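Notes to accompany the following structure.
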Amino acid sequence: MTDPVLSVRDLRTHFFTRAGVVKAVDGVSFDLAAGEILGLVGESGSGKTVTGFSILGLIDAPGRIVEGSVMLNGTELTSLPEAQLRARRGRDISMVFQDPIATLNPMLTIGQQMRLAINAHEKLGRRAAEARAAELLTQVGIPSAEARLRSYPHEFSGGMRQRVAIAIALLHRPSVIVADEPTTALDVSIQAQILYQMRDLAAQTGTALIWISHDLAVVSSLATRLAVMYAGRIVEQGPTATLLRDPRHPYTAGLIASLPATSKPGEPLAQIPGTTPSLLSLPPGCPFAPRCARQTPACTEEPALTIEADRGWRCFHPVGQMHEEPA
Amino acid sequence: MTAFVKIDGVSRVFGPNLTTGEKIAAKLGARVETRSVHAVSDVSLEVRKGETLGLVGESGCGKSTLGRLIAGILPPSSGRVTIDGVPVMTHGVKATTRVQTVFQDPFASLDPRMKVGDTVAEGPITHGLTTRADAASYVAEWFRKVGLDPVWADRYPHQFSGGQRQRIAIARALAMKPDVLICDEPVASLDVSIQAQIINLFLELTRDLNLTTVFISHDLSVVRHVSDRVAVMYLGRIVELGPVAEVFGTPAHPYTDALIGSVPKLVLDGDELVRFETIKGEVPSPLSPPAGCFFHPRCALATPECSRDMPLMRPVAGRAEADTRAVACHHSEQLVPG
């Protein structure tokens, strides 16, 4: 097995607020191989976005990475001075955000912004830089790319703007792109186009992707592996098809069962009772226990990670293990 | 079955709001935007008593505008909406309390400075469904029906989660004892696990109260789950209409077909996940829609006829009654031969 391009170990990012310490990310570990697409799924407040931001060192006060390691191609990122981190961001690892209207500068043409992004890491003449920019825009499916370099962000549709953001993230052929809900604001038909393209681009360029989303169906159509987050931890991870067909953690199973697509029309949906807990006052032990039908007194202890072949979960009472061996 | 809600040739045009200066500038030949958007064009629909009609389409297709026209929030530019024969609007003013709306964003639709109990009580008191003295018990009863603890009536919206707020919004709408409920993306802003709770509440209440519902959503799987019939909209027009299982099972319009194909699906059997298809291109600007069929620039079945003649709604091949299943496409026989 080849070395992973990105290796996150026991990452803990806490926010020190007046109301108390919010443990937004609390012990997250995963590996990412070259060209692999990892889907990071969870509901709001599960810590999936903070995980993405922590990897790129984008956590601002009152938040801070209190523990853990983020290794990118053998370099530890968490202890790197800001100047060196800047030299890597955009070149070795880059990010695509949810809202392209907020990430693109409205006062600059797309061409100017892309040239800035190129020159941040590489001295390239204007003509060469524009050629590179146009090439990337064509790759992400923007027609007449050279002419569009002179357009401003407001002249693009939402889907086209997100393609520009993706093109910018790809400019330096980074080894990892963290994409935070990049298609959530888009219509399904545009979302489908972008998902297709991202899969192809990742395969062509060898760029590994972390795709953060609340939508299980979206990530499952894209990701090779899934990691399900709940209250700041990864409660289950494994290959996409295995996880969906045969979930171990009751939360994963509950999420799948609550989707309208998995039940009969008109019938009540299987629902997970209660709401996601406040990160300020987490129950001791397994954070999902208060909402879980399988909880026992044992669940007041923190469940350790159980690893089985290429998957893992954190639960004392995993779902469906007796149906294990297919005949 | 007779129509309960009747939407009769309804259109809504949004023109640019020109200042006097801009009007003069336009007269003098300056480039001022004077085109208008036909958000909803000549829509005729019937909703039967007790039925849930799903309204699907991508952003900008006019589904929310149509919802607001039915709810009497917006006056139509032409055509009219009646409930049980009574017009929803007279002289551009809402004339009935028989239709109520639940909006997408429960953070924006509740007054942050009003106690939620007062929010729910305001309408029923104004319209004489309860008195100020009885309001507390009236509100408590509706709180219980939507699964909220009645003691929370004294709290403010910020003290509730998104799912709870949506329950309050549903209580507010239902406390007016409407016959018709318009739900505009009621679960779009909620987390998956909360979404299931609200959908279950919705299914239970519409059945118990025999509500007639228009359920607007961009999420096809949600609409498929809750609706009896579905109308698919594209650029302000209805392109397909019919029973939900039939429309999603054997779509007769290429747009419906493509829309269903582009939804990422969770398929749990087999090792391979089912891959989805994409529709080429983007929705054209409603300021300058293409000639003929609005979908023809993106359509695989398009012929010269499609860029010339706007297709009208007609029964799907082999169907006698126009309102069972209808489609606006010149080539729907290629999808559903009949």
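So that the names make sense, note that chain A is the first sequence line, chain B the second, and so on, each numbered from 1. Computed from a predicted structure; not experimentally measured.
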Does the distance from a Lys or Arg side-chain N to an Asp or Glu carboxylate O, for B:Arg229 and B:Glu51, drop under 4.0 Å?
-> yes
- prompt: Side chains of A:Gln271 and B:Asn200: donor-acceptor distance under 3.5 Å anywhere?
  reply: yes
Ranking B:Ser285, B:Gly60, B:Ser221 by heavy-atom pairs under 4.5 Å to chain A gives rank one to B:Ser221
Per-residue tally against chain B (heavy atom, under 4.5 Å) across A:Ser157, A:Gly159, A:Pro239 peaks at A:Ser157
In terms of heavy-atom pairs under 4.5 Å with chain B, the winner among A:Asp215, A:Ile190, A:Thr276, A:Thr242 is A:Ile190
Pair B:Phe294 and B:Tyr255, ring centroids less than 6.0 Å apart = no
What I want to find out is whether B:Glu240 reaches B:Arg325 closely enough, with some N-O distance under 4.0 Å, to be called a salt bridge. yes
Applying a strict 4.5 Å limit to non-hydrogen atoms, the region of B:Ser161 in contact with chain A is side chain
Per-residue tally against chain B (heavy atom, under 4.5 Å) across A:Ala270, A:Gly254, A:Ser44 peaks at A:Ser44
Hey, are A:Arg311 and A:Glu236 close enough for a salt bridge, meaning a charged N less than 4.0 Å from a carboxylate O?
yes
